[in-house]
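Quantities reported herein were computed from a predicted structural model and do not represent experimental measurements.
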Amino acid sequence: MARHVVTAADEATVRKLAENTTASGIPLKAFVPAPTLKEWLPPGWVLMDGHAALMAARLSAVEAPPGLPDGYRLRRWDRAGVTRVAVRAPDGAFAARGQIAVTGPTAVVDQVETHPAHWRRGLGRVVMGTLAEAATRQGARAAVLGATAKGRSLYEAVGWQVVAPLSAAVRETGDGGS
């Protein structure tokens with residue numbers, strides 16, 4: 001999967017990159033508010049839902065994981081430099097997940113999700129704390145993540161801070177609408 005992340009976004013850079021991206025489905029992310037990104041994009045691009053903020057944390061300040069509610073099970077595994085965490089409900093159904101990749105002193109958190117049937121049970125806190133512990137053991141001191149509006153309150157509650165707006169868009173159609 002490809003994606004463009006524009007770290008120093010300005011209108012000319014975003015327009016040029018967007019105009020030169022002809023394949024559909026490739027996200028373009030920029031550290032600007034969504035209305036600004038929308039104004040800079042040529043026709044054929046649409047904003048993606050959910051993006052809101054780039055967040056960062058000193059891992060030593062992230063809340064330790066609490067215990068799981070009765071009957072829930074946590075599985076943690078490492079593959080290709082990425083630590084993944086999955087929480088299963090008492091009936092074995094998916095409840096929550098997340099992953100973190102350590103890139104030296106910094107780690108990147110991605111794909112944090114709690115199934116709506118399991119909200120408000122502390123599973124997000126378990127996932128985030130477990131990921132922070134895993135990254136700390138691997139030598140990371142800080143971490144970043146792209147937060148959705150829904151996820152932002154969880155991350156702030158466990159020690160993360162907003163450092164920049166984050167918006168994303170995707171090209172709807174490729175060459176000639178095909």
J.: Using a side-chain heavy atom cutoff under 4.5 Å and only I, L, V, M, F, W and Y, what cluster partners does Val46 have?
T.: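 Besides Val46, the hydrophobic cluster comprises Met48, Val170, listed by chain and residue number.
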
J.: For the residue pair Met55 and Val163, establish whether any side-chain heavy-atom pair is separated by less than 4.5 Å.
T.: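 No, side chains not in contact.
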
J.: Starting at CG of Leu131, measure out to CZ of Arg84 and round the result to the nearest 0.5 Å.
T.: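 Rounded to the nearest 0.5 Å, the CG-CZ separation comes out at 11.0 Å.
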
J.: Is there a side-chain contact between Glu133 and Pro65, using heavy atoms and a 4.5 Å cut-off?
T.: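 Heavy-atom side-chain distance check passes, below 4.5 Å.
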
J.: Is there side-chain contact between Trp160 and Met128, with at least one heavy-atom pair below 4.5 Å?
T.: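 SC-SC contact between Trp160 and Met128 confirmed.
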
J.: Under a 4.5 Å cut-off applied to non-hydrogen side-chain atoms, are Val162 and Arg152 in contact?
T.: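 The answer is yes, as the side chains (C-beta and beyond) meet within the 4.5 Å cut-off.
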
J.: Side-chain contact test, heavy atoms from C-beta onward, threshold under 4.5 Å: evaluate it for Val6 versus Lys29 and give yes or no.
T.: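 Val6 does not reach Lys29 side chain to side chain.
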
J.: What I'd like to find out is whether the side chain of Pro69 reaches to under 4.5 Å of the side chain of Leu123, using heavy atoms alone.
T.: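 Yes. Closest side-chain heavy atoms under 4.5 Å.
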
J.: Work out which heavy atom in Ala143 is nearest to a heavy atom in Thr106; give both atom names and the distance.
T.: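 Heavy atoms of Ala143 and Thr106 come nearest at CA-CG2, 4.3 Å.
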
J.: Cluster question for you: counting only ILVMFWY and a side-chain heavy-atom cut-off of under 4.5 Å, with indirect links fine, are Ile26 and Leu47 together?
T.: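 Not linked; separate clusters.
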
J.: Does Arg137 have more than 12 heavy atoms from other residues, nucleotides or ligands lying within 6.0 Å of its CZ?
T.: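 Atom CZ in Arg137 is packed in, count exceeds 12.
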
J.: For Ala140 and Val102, work out which heavy atoms get closest and say how close.
T.: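 Reported closest heavy-atom pair: CB-CG1, 4.0 Å.
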
J.: Identify the heavy atoms of Asp70 and Pro90 that sit nearest to each other, and give their distance.
T.: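 In terms of heavy atoms, the two residues are closest at O-CG, 3.9 Å.
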
J.: Are the side chains of Thr130 and Arg76 in contact, using a 4.5 Å heavy-atom criterion?
T.: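 Side-chain contact under 4.5 Å: yes.
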
J.: When rounded to the nearest 0.5 angstrom, what distance separates NZ in Lys16 from CD in Glu11?
T.: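 Interatomic distance, Lys16 NZ to Glu11 CD, rounded to 0.5 Å: 14.5 Å.
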
J.: Please report the interatomic distance OG1(Thr21) to CZ(Arg171), rounded to the nearest 0.5 Å.
T.: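 Rounded to the nearest 0.5 Å, the OG1-CZ separation comes out at 7.5 Å.
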
J.: Considering all heavy atoms of both residues, which atom of Ala30 and which atom of Leu37 are nearest to each other, and what is their separation?
T.: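 Closest heavy-atom pair between Ala30 and Leu37: CB-CD1, 4.3 Å.
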
J.: Can you list every pair that meets ring-ring contact (aromatic ring centres under 6.0 Å, His included) and has a residue in residues 78-131, with sequence neighbours left out?
T.: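 ring-ring contact (aromatic ring centres under 6.0 Å, His included) check on residues 78-131 returns Tyr72-His118, His115-His118.
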
J.: Side chains of Gln138 and Thr83: does their closest heavy-atom pair fall under 4.5 Å?
T.: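 Yes - at least one pair of side-chain heavy atoms lies under 4.5 Å apart.
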
J.: Does Val109 belong to the same Ile/Leu/Val/Met/Phe/Trp/Tyr cluster as Val126, with side-chain heavy atoms less than 4.5 Å apart forming each link?
T.: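 Val109 clusters together with Val126.
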
J.: What are the two closest heavy atoms between Pro66 and Gly122, and how far apart are they?
T.: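 Scanning both residues, the minimum pair turns out to be CG-O, 4.3 Å.
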
J.: Tell me every residue that passes side chain to side chain contact (heavy atoms under 4.5 Å, CB included) with Thr36, counting only those two or more places apart in sequence or in another chain.
T.: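 Side chain to side chain contact (heavy atoms under 4.5 Å, CB included) check on Thr36 returns Val32, Pro33, Trp40.
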
J.: For the hydrophobic clusters of this structure (ILVMFWY residues joined by side-chain heavy atoms under 4.5 Å, transitively), does one cluster hold both Leu54 and Val108?
T.: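 Yes; tracing contacts between hydrophobic side chains, which count when under 4.5 Å, links both residues.
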
J.: Run the numbers on Leu154 and Arg125 for side-chain contact (heavy atoms from CB on, under 4.5 Å), then give the verdict.
T.: CA-CA 7 Å; Leu154 163 67; Arg125 289 177 180 268; 3.9 Å; yes

J.: Locate the shortest heavy-atom distance separating Ala18 from Trp45; write the atom from each residue and the value.
T.: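 Result for this residue pair: O-NE1, 3.4 Å.
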
J.: If you measure from CG on Leu145 to CD on Gln111, what distance do you get to the nearest 0.5 Å?
T.: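 Atom-to-atom, Leu145:CG and Gln111:CD are 12.5 Å apart.
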
J.: Measure the spacing between OG1 of Thr114 and NZ of Lys150 and express it to the nearest 0.5 Å.
T.: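 So the OG1 of Thr114 and the NZ of Lys150 are separated by 11.0 Å.
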
J.: Look up atom OG1 in Thr136 and atom CZ in Arg58, then write down how far apart they are to the nearest 0.5 Å.
T.: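 Rounded to the nearest 0.5 Å, the OG1-CZ separation comes out at 11.5 Å.
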
J.: Do the side chains of Leu68 and Val158 join up, straight or via other hydrophobic residues, at under 4.5 Å, putting them in one cluster?
T.: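 Same cluster.
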
J.: Is it true that, when you exclude Gln161 itself, more than 12 heavy atoms of the residues, nucleotides or ligands shown sit nearer than 6.0 Å to its CD?
T.: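 Count not over threshold, so no.
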
J.: Check the hydrophobic clustering (I, L, V, M, F, W, Y; side-chain heavy atoms under 4.5 Å; chains of links allowed) and say if Leu59 and Val144 are grouped together.
T.: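 No, Leu59 does not connect to Val144 through the hydrophobic network.
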
